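Lettering of chains follows the sequences in order, A, B, ..., and the numbering in each one begins at 1. Nothing here was measured: the structure is a model prediction, and the numbers come from that model.
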2 protein chains.
Amino acid sequence: MISKKTKYGIKALVYVAKHKHKETVQVSLIADTQNISPKYLEAIMLTLKKAGFLGSKKGKGGGYYLRRPPEDIKMVEVMRVLEGPVAMVPCVSLNFYEKCDDCPSEDFCSVNRLMIQLRDSSLAVLNKTTIADLVV
Amino acid sequence: MISKKTKYGIKALVYVAKHKHKETVQVSLIADTQNISPKYLEAIMLTLKKAGFLGSKKGKGGGYYLRRPPEDIKMVEVMRVLEGPVAMVPCVSLNFYEKCDDCPSEDFCSVNRLMIQLRDSSLAVLNKTTIADLVV
DNA sequence: TTTAAATCCTATAGGTATAGTAGGATTTAA
DNA sequence: TTAAATCCTACTATACCTATAGGATTTAAA
């Protein structure tokens with residue numbers, strides 16, 4: 001299960017992507033139309049900005065805009081920023097690798113190989129899908 | 001990320017599957033060899049028993065055994081029992097469906113379609129893999 | 001110059017799930 | 001009778017999620 005943070009973040013990115021390049025979109029507008037808690041969404045937008053997906057303009061008439069063309073933003077990047085690793089165990093994560101405390105060797109771990117397959121099947125989807133694909 | 005419960009549960013099933021049919025395997029042995037907290041594993045084994053994967057024998061010389069041939073136990077069943085839904089959002093779950101509070105319509109939800117693709121790619125892996133495949 | 005609108009930032013709280021632990025009840029082979 | 005094993009209930013500690021609160025800062029426009 002993905003977190004609401006991830007779900008909200010994707011919805012917000014798609015919403016912003018529907019607007020013209022550099023046209024600012026306010027958090028309050030996104031929150032209203034997408035049924036998201038405004039303050040919570042604020043924090044999510046900050047995260048997406050720090051990750052480089054969004055730019056912002058402060059003050060009256062300000063808001064957020066996409067910094068990259070939507071067709072260039074792969075969902076795998078978005079997921080890693082919002083949700084974390086694509087892999088379901090740290091020991092098969094490409095970007096967030098960690099050794100398991102309980103496994104003496106990954107080569108002989110029964111779970112390991114299954115998780116690699118799941119990771120790769122998810123990566124295939126997330127690598128070929130972009131924000132532009134989610135804009136209807 | 002899957003829970004340790006799921007990881008431990010899979011390892012335990014695979015461990016039991018390596019033994020002869022109806023030969024009992026003790027929780028303490030699995031816990032020792034797989035580096036799992038014995039009491040925690042106890043609870044997991046109970047879950048797997050109630051789900052029909054394992055049978056048990058109480059008392060001295062007792063333990064757990066597989067109730068079904070390992071090549072008949074699909075990983076998708078195991079995952080659903082231990083981890084819950086395969087889908088990453090309830091609104092695309094086949095076995096644990098729930099409507100989203102925030103979405104007025106699933107047809108127009110940008111997240112929905114991506115999550116269906118992720119679900120199906122995971123299902124493809126989990127449907128074709130069995131416990132027997134994880135036994136080396 | 002003032003005001004309102006907007007992002008930005010920190011701290012905190014409440015709820016829930018995870019990963020156990022504790023202690024005993026029950027069953028069974030030897 | 002004893003020891004070994006599953007079975008069962010209840011509890012705890014920690015971390016994470018989902019916000020909320022309150023303000024600081026910046027900016028356009030009146």
Criterion salt bridge (Lys or Arg N to Asp or Glu O under 4.0 Å) on K39(B) and E42(B), from CA distance to verdict: CA-CA 5 Å; K39(B) 280 299 231 177; E42(B) 246 184 42; 3.7 Å; yes

S56(A) vs dC8(C): side-chain N/O to OP1/OP2 distance below 4.0 Å: yes

Whole angstrom value for the distance that separates C1' of dC8(D) from CG of L41(B): 16 Å

Atom-pair distance (CG on L29(B); P on dA4(D)), nearest Å: 15 Å

Same cluster (ILVMFWY, side-chain, under 4.5 Å), I2(B) and V76(B): yes

Which nucleotide in dT6(D), dA28(D), dC9(C) has an atom nearest any side-chain atom of K57(A): dA28(D)

5' precedence on DNA chain C between G61(B) and I2(B) (nearest-nucleotide basis): I2(B)

Partner nucleotide, any strand, of dT6(D) [Watson-Crick/G-U, under 3.5 Å]: dA25(C)

Gap between atoms OH and C1', on Y40(A) and dC8(C) respectively (whole Å): 18 Å

K60(A), nearest nucleotide to its side chain (from dC9(C), dA29(D), dT18(D)): dA29(D)

Nearest-0.5 Å distance, NZ of residue K18(A) to CG of residue L134(A): 10.0 Å

Shortest side-chain distance from Q26(A), nucleotide among dC7(D), dA6(C), dT21(C): dA6(C)

Between P of dA19(C) and CG of N35(B), the distance in whole Å: 16 Å

Distance, rounded to the nearest Å, where Y8(B) contributes OH and dA19(C) contributes C1': 8 Å

Nucleotide of dA19(D), dC7(D), dA19(C) approaching K4(A) most closely (side-chain heavy atoms): dA19(D)

E42(A) CD - dT18(D) P separation (whole Å): 17 Å

Counter-base of dA30(C), judged by Watson-Crick or G-U geometry with both distances under 3.5 Å: dT1(D)

Any S37(A) side-chain N or O less than 4.0 Å from OP1/OP2 of dT18(D): no

Modelled atom types, side-chain donor and acceptor of S93(A) and E98(A), under 3.5 Å: no

Nucleotide dA19(D), atom C1' - distance to CG of D101(B) in whole Å: 14 Å

Side-chain touch Y64(A)/K57(A), heavy atoms, less than 4.5 angstrom: no

Earlier contact from the 5' end, DNA chain D, for V25(B) and E83(A): V25(B)

Sugar-phosphate, base or nothing in reach of K39(A), heavy atoms under 4.0 Å: base

Toward the 5' end of DNA chain D, by each residue's nearest nucleotide, K49(B) or A43(A): K49(B)

Separation of dT18(D) C1' from D102(B) CG (nearest whole Å): 13 Å

